[in-house]
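Structure, as structure tokens:
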Amino acid sequence: MLTVEEAAERLNTKVRFPRRLIAERRITFVHVGRNVRIPEAALEAFIAAGVVEPITITRKGEAA
């Protein structure tokens with residue numbers, strides 16, 4: 001479980017970004033008392049969902 005600050009550090013963003021993800025319910029989070037934690041698996045899934053695969057070009061200039 002990561003704090004919002006730790007999640008921001010892993011994403012290389014400011015703390016505001018993971019807080020916005022939480023507010024918009026775009027990432028799974030857990031309330032621990034008054035604190036909010038983000039499961040590492042949820043952060044990894046969020047990152048994986050944003051991965052864009054490169055397009056490979058064939059000799060004729062068409063996308064494969």
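Note: hydrogens, waters and symmetry copies are ignored here, and every other heavy atom, side chains too, is used.
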Notebook entry, point to check: Heavy-atom count around N35 CG within 6.0 Å, excluding the residue itself: above 12?
Noted result: yes
Checklist line | Minimum-distance pair of heavy atoms, taken over all atoms of M1 and E40 | finding: N-OE2, 4.4 Å
Check: Just one of T28, I22, L21 clears the side chain to side chain contact (heavy atoms under 4.5 Å, CB included) bar with I38, so which one?
Finding: I22
Next item on the list: Look up atom NZ in K14 and atom CZ in R19, then write down how far apart they are to the nearest 0.5 Å.
Entry: 14.0 Å
Note to self: Within the structure provided, determine whether P39 and V30 are in side-chain contact (heavy-atom separation under 4.5 Å).
What the structure shows: yes
Notebook entry, point to check: Taking it one step at a time, do T3 and R37 satisfy side chain to side chain contact (heavy atoms under 4.5 Å, CB included)?
Noted result: CA-CA 5 Å; T3 64; R37 298 289 184 262; 3.7 Å; yes
Notebook entry, point to check: Does the side chain of L11 reach to within under 4.5 Å of the side chain of I47, using non-hydrogen atoms?
Noted result: yes
Margin query: Show the nearest heavy-atom pair for residues T13 and F17, with the distance to one decimal.
Written below: OG1-CB, 3.8 Å
